[in-house]
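Report on the structure given below.
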Amino acid sequence: MTTLTEYIGEPTIADGPAVWRIARESGELDVNSPYSYLLWFRDFAHTSAVARDGNGAPMGFTTGYRRPDRPDVLVIWQIAVTGADRGRGLAGAMLDHLTGRLCAQSVIDRVETTISPDNTASQQLFLSFAERHRAPLKRELLFPAELFPEAHEPEYLYRIGPLR
């Protein structure tokens, strides 16, 4: 029997359109332009992941990058799973796969992400990730709502690590 992690790997530029659709249909993410996903997978494929179904079609993704001033920190920009595939642990599996790959290469040992107060699914995802990896988690306000030019909730920074 195959596991979820057997279908997770680095994205390619060709994954950009499908990932844009997954982001748009998530209902939670700030959706970037289709062009940005093409660029992201050209420039940051190594710090991102795509989960594929048995036919190779993307069913989830996570995008990330290493902070220029702290290259040991992986910033998770977005993570989403198609509606039909939610609730199976796929987001956690992608996060574990990506961080495991980068930790094994000794390039990261910490993770950061931002989460708005109403995104309880993401809050739970990163809390459970920290617990699985027995890593401390700190939370602090990063971007207050008034910094956004349009209506937007504040974004809280979650810092997880060091990873074990």
Side-chain angles (χ1 to χ4, degrees), residues 2-11 15-34 36-37 40-41 44-45 47-54 57-67 73-103 108 110-148 150-161 163-164:
T2 58
T3 63
L4 289 174
T5 56
E6 291 178 42
Y7 295 105
I8 300 172
E10 285 189 27
D15 293 320
V19 163
W20 175 78
R21 286 193 250 339
I22 293 168
R24 186 187 63 196
E25 293 166 4
S26 75
E28 290 289 335
L29 298 179
D30 291 335
V31 181
N32 300 301
S33 72
S36 69
Y37 292 98
W40 198 280
F41 292 156
F44 299 109
T47 53
S48 299
V50 169
R52 301 177 188 287
D53 64 19
M59 54 192 217
F61 75 94
T62 183
T63 53
Y65 64 91
R66 291 171 59 202
R67 283 187 52 186
V73 175
L74 173 68
V75 176
I76 300 298
W77 177 259
Q78 291 186 320
I79 189 163
V81 174
T82 61
D85 295 301
R86 290 184 191 144
R88 298 178 39 223
L90 189 54
M94 287 189 296
L95 198 53
D96 288 343
H97 172 88
L98 178 57
T99 58
R101 178 168 31 102
L102 296 174
C103 284
I108 65 143
R110 298 173 192 278
V111 171
E112 290 183 355
T113 195
T114 63
I115 305 173
S116 60
D118 73 341
N119 191 340
T120 56
S122 285
Q123 292 169 25
Q124 186 55 45
L125 171 66
F126 285 93
L127 289 170
S128 64
F129 173 82
E131 288 174 10
R132 274 194 313 282
H133 294 273
R134 288 178 258 130
L137 184 149
K138 294 180 182 173
R139 179 183 175 264
E140 63 189 70
L141 179 64
L142 182 62
F143 300 127
E146 58 269 11
L147 288 180
F148 292 95
E150 298 176 329
H152 196 289
E153 287 194 301
E155 290 283 335
Y156 284 86
L157 177 65
Y158 285 64
R159 295 176 187 228
I160 302 170
L163 299 175
R164 303 192 198 312

Qualifying salt bridge (Lys or Arg N to Asp or Glu O under 4.0 Å) pairs with a residue from residues 15-32, counting only residues at least two apart or across chains: D15-R52
For [X], enumerate each residue passing the side-chain hydrogen bond (donor to acceptor under 3.5 Å, both in side chains) test, keeping only those at least two apart in sequence or located in another chain.
| X | value |
| --- | --- |
| T47 | none |
| T62 | none |
| E10 | H46, R101 |
| S26 | none |

Set of residues satisfying salt bridge (charged side-chain N to carboxylate O under 4.0 Å, His left out) with respect to R67, sequence neighbours excluded: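 D69, E112.
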Taking only residues two or more places apart in sequence, or in another chain, which ones meet D85 in a salt bridge (charged side-chain N to carboxylate O under 4.0 Å, His left out)?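 Checked D85 against salt bridge (charged side-chain N to carboxylate O under 4.0 Å, His left out); matches are R88.
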Could you measure the distance from the [atom1] atom of [X] to the [atom2] atom of [Y]? Nearest 0.5 Å is fine.
| X | Y | atom1 | atom2 | result |
| --- | --- | --- | --- | --- |
| I8 | L90 | CD1 | CG | 5.5 Å |
| T82 | D53 | OG1 | CG | 8.5 Å |
| I108 | L163 | CD1 | CG | 5.5 Å |

With sequence neighbours excluded, residues passing ring pair (Phe, Tyr, Trp, His ring centres under 6.0 Å) with Y65: none
Mind listing the side-chain donor-acceptor pairs of residues 134-146 below 3.5 Å, one per line with the distance, residues two or more places apart or on another chain?
from: R139; atom 1: NE; to: Y158; atom 2: OH; distance (Å): 3.2

Closest approach of [X] and [Y], non-hydrogen atoms and distance?
| X | Y | result |
| --- | --- | --- |
| T63 | S48 | CA-OG, 3.4 Å |
| G60 | M94 | C-SD, 3.5 Å |
| G64 | F44 | O-CB, 3.7 Å |
| G54 | Y7 | CA-CE2, 4.1 Å |

Flag the pair V19 / P11 as yes when at least one side-chain heavy-atom distance between them is below 4.5 Å, and no otherwise. no
Under the rule for side chain to side chain contact (heavy atoms under 4.5 Å, CB included), what residues qualify as partners of D96, not counting sequence neighbours? F129, R132, H133
Sequence neighbours excluded, which residues qualify as side chain to side chain contact (heavy atoms under 4.5 Å, CB included) partners of T120? Q123
